[in-house]
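Here's the structure we're looking at; comments come further down.
Nothing fancy with the numbering, it's 1 onward along the sequence.
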Amino acid sequence: MQKKNDVRTSTSTKTPDVATSCSSTACDDAPASARRRSTLGVLGAGALASLTPWLPAFAADADNGKWPDKPINYVVPFPPGGLTDVAARQAAKALGMAENWNVVVENKPGGSANIGAAYVARAHPDGYTWLAMTLSHAANATLFQGKAGYELLKDLMPVACMASSSMMVVVNPKSSIKTMDDLLQAAKTRSLTAGSSGNGTPPHLTLALYQSLTGTKLLHVPYKGGAPSLTDLLGGQVDLIFSNYPESLAYVKAGSLRALAVSSKQRSPDLPDVPTVAEAGLPGLVVSNFTGVMAPAGTPQAVVNRISKAIVKQIRQPEMTKSLVSLGFGAQPMEAAEFGPYLKGEVERWAKIIHDANIQVG
């Protein structure tokens with residue numbers, strides 16, 4: 001029998017692509033909110049009334065400690081072993097030990113992180129299904145508008161923010177570009193190639209924001225992930241990369257790459273000599289690649305509040321903070337009431353950047 005604080009792993013390979021799966025009567029990739037409205041119309045008010053009495057009792061169960069009484073499914077919409085996955089597993093383990101919750105991490109990668117998000121949006125709103133979300137989902141609300149199979153701010157509700165990492169502007173150590181000012185002057189006088197981990201990814205969005213703030217134009221070279229982009233930078237095939245900080249940190253510390261700036265508000269304790277973008281004259285380039293937890297819309301607020309407080313409490317523990325830093329994250333604990341407005345602001349911020357730069361995804 002599995003212990004209650006056990007953290008298991010499940011990787012789904014049978015989930016259909018949210019952009020192509022349709023039944024004979026309705027398309028499965030319609031936003032979850034639209035399907036719910038259609039269902040309610042079929043049920044009628046009488047049938048709906050018969051379904052809802054459990055909500056007050058369920059909320060009361062959360063208040064008196066009866067929730068949870070079964071495993072919690074923590075969906076990570078990325079492959080196992082990635083930074084979001086590792087952070088989720090650390091949180092699940094901490095919650096298992098501190099709260100005696102059985103949090104089961106399940107990987108549902110694919111569709112630019114939309115498959116897993118759509119799965120959670122369709123789940124029963126009882127607090128037993130969580131989504132590990134990131135900045136990518138805030139951007140996807142615009143990049144995949146009407147095509148993601150869910151609407152982020154309608155079909156999901158914020159539970160807690162956990163941590164964030166920055167972007168880092170890196171060049172080959174043989175490059176003549178040594179500072180952000182050197183980069184600006186070079187971008188104005190010659191053609192530069194800038195790699196990223198792919199179209200619409202946070203590094204690409206940060207590059208687009210840089211170009212908007214500086215009035216420069218760099219040739220974007222999208223790769224299928226951060227690792228191949230860094231390989232080409234090391235080999236001199238591209239001039240620079242707006243990289244996820246954790247992906248390039250080891251290269252910078254080893255001297256294999258040169259860091260020009262980090263996009264966080266404070267300098268990194270691991271790279272104290274690398275300035276922030278604000279110190280380099282670009283305060284508008286502050287970018288936080290955050291990760292948090294969301295639940296299906298309609299989850300009782302009492303349950304959301306309990307989960308939120310438990311997660312934030314664990315993120316604030318010194319050992320957890322230290323562990324996150326070792327991954328390249330900084331702790332960014334926010335309960336639901338604070339995380340909601342923050343997330344809405346990020347969705348709106350990146351919507352404007354995406355539209356202004358005319359960023360398209362296939």
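- For the pair V361 and G200, the tightest heavy-atom approach, listed with the atom from each and the gap, is CG1-CA, 4.3 Å.
- We find the CG-CD1 distance between L143 and I354 to be 3.5 Å, quoted to the nearest 0.5 Å.
- Ring geometry for F242 versus Y210: interplanar angle of 30 to 60°, hence tilted.
- A distance-only check finds no donor-acceptor pair linking the side chain of Q314 to the backbone of A98 [under 3.5 Å].
- Rounding to the nearest 0.5 Å places OH of Y245 at 12.0 Å from CG of L83.
- Contact annotation: the side chain of R316 never approaches that of M320 to less than 4.5 Å [non-hydrogen atoms, C-beta and beyond].
- Side-chain atoms of W101 do not come within 3.5 Å of backbone N or O of D69 as any donor-acceptor pair.
- Taken from CG in L249 to CG in N244, the straight-line distance is 12.0 Å, to the nearest 0.5 Å.
- Note: T291 OG1 to F329 CZ = 6.0 Å, rounded to the nearest 0.5 Å.
- No single ILVMFWY cluster, assembled from side-chain heavy atoms under 4.5 Å apart, contains both I307 and V312.
- To the nearest 0.5 Å, atom CD1 of residue I177 and atom CG of residue L184 are 10.5 Å apart.
- Using a 4.5 Å cut-off on side-chain heavy atoms (C-beta onward), V104 and P71 make contact.
- Remark: I311 CD1 to E99 CD distance equals 10.0 Å, nearest 0.5 Å.
- Taken together through direct or relayed side-chain contacts under 4.5 Å among Ile, Leu, Val, Met, Phe, Trp and Tyr, L240 and L234 form parts of separate hydrophobic clusters.
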Between Q317 and T321, does the side chain to side chain contact (heavy atoms under 4.5 Å, CB included) criterion hold? Intermediate values first, please. CA-CA 6 Å; Q317 297 301 312; T321 298; over 6 Å; no
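- Nearest heavy-atom pair across V103 and A92 is CG1-CB, 3.7 Å.
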Does L219 form a side chain to side chain contact (heavy atoms under 4.5 Å, CB included) with L192? I'd like the steps, not just the answer. CA-CA 6 Å; L219 178 61; L192 295 178; over 6 Å; no
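- Salt-bridge formation is detected for the pair K108/E106: a Lys NZ or Arg NE/NH1/NH2 atom is positioned less than 4.0 Å from an Asp or Glu carboxylate oxygen.
- Hydrophobic clustering (side-chain heavy atoms under 4.5 Å, transitive across Ile, Leu, Val, Met, Phe, Trp, Tyr) keeps L183 apart from V262.
- The pair E348-K352 does not meet the salt-bridge criterion, since no charged nitrogen lies less than 4.0 angstrom from a carboxylate oxygen.
- Salt-bridge check for R267 with E279: passed, with a basic side-chain N closer than 4.0 Å to an acidic carboxylate O.
- Judged by distance alone, the side chains of S197 and Y223 never bring a donor and an acceptor atom under 3.5 Å apart.
- Using modelled atom types and a 3.5 Å distance limit, the side chains of S288 and Q332 yield a donor-acceptor pair.
- Not a single donor-acceptor pair under 3.5 Å links the side chain of S308 to the backbone N or O of V304.
- For CD of Q145, the number of neighbouring non-hydrogen atoms (other residues, nucleotides, ligands) closer than 6.0 Å is 12 at most.
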Under the side chain to side chain contact (heavy atoms under 4.5 Å, CB included) criterion, do L230 and E247 qualify, and how do the steps go? CA-CA 9 Å; L230 289 168; E247 292 179 338; 4.1 Å; yes
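- Checked by atom type and distance alone, the side chain of H137 never pairs as donor or acceptor with a backbone atom of A117 at under 3.5 Å.
- N107 places a side-chain N or O within 3.5 Å of a backbone atom of F78 that can act as its donor or acceptor partner.
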Could you give me the CA-CA distance, side-chain angles and deciding distance for Y150 and N114, then say whether side chain to side chain donor-acceptor pair (under 3.5 Å) is met? CA-CA 8 Å; Y150 69 100; N114 286 321; 2.9 Å; yes
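- What you find for A208 and A357 is that their closest heavy atoms are CB-CB, 4.0 Å.
- In summary, the aromatic rings of Y342 and F290 are positioned with their centroids under 6.0 Å apart.
- Across A194 and L218, no two heavy atoms sit closer than the pair CB-CD2, 4.0 Å.
- Residues L257 and V171 form no side-chain contact, since every pair of their non-hydrogen atoms from C-beta on lies 4.5 Å or further apart.
- Proximity of V293 to F339: side-chain heavy atoms (C-beta onward) are nowhere separated by under 4.5 Å.
- The two atoms that bring G298 and P125 nearest to each other are C-CB, 3.6 Å, heavy atoms only.
- Side-chain N or O atoms of T231 include one that pairs as donor or acceptor with a backbone N or O of A227 at under 3.5 Å.
- Between the side chain of S264 and the backbone N or O of Q266 there is at least one donor-acceptor pair closer than 3.5 Å.
- Looking at heavy atoms from C-beta onward, N172 lies out of side-chain contact with R258 at the 4.5 angstrom threshold.
- Follow the hydrophobic side-chain contacts under 4.5 Å out from V169 and you never reach V274; the two are in separate clusters.
- Residues I359 and L135 share a hydrophobic cluster, clusters being chains of Ile/Leu/Val/Met/Phe/Trp/Tyr side chains in contact below 4.5 Å.
- Of all heavy-atom pairs between P158 and M294, the closest is N-CE, 3.8 Å.
- Listed for the T206 side chain is a donor-acceptor partner under 3.5 Å among the backbone atoms of P202.
- Judged by distance alone, the side chains of S323 and Q90 do bring a donor and an acceptor atom under 3.5 Å apart.
- Counting only heavy atoms from C-beta outward, the side chains of V287 and W350 approach each other to under 4.5 Å.
- Judged by distance alone, with hydrogens and angles left aside, the side-chain atoms of D232 form no donor-acceptor pair with the main-chain N or O of S229 at under 3.5 Å.
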Residues H355, T142; criterion side chain to side chain contact (heavy atoms under 4.5 Å, CB included); working and verdict: CA-CA 8 Å; H355 286 311; T142 299; 3.7 Å; yes
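- For the 3.5 Å distance criterion, the side chains of T193 and D239 qualify, holding a donor opposite an acceptor.
- Here the side chains of S196 and H220 are in contact, with some heavy-atom distance below 4.5 Å.
- Under the 4.5 Å side-chain criterion, counting only non-hydrogen atoms from C-beta, L324 is not in contact with M162.
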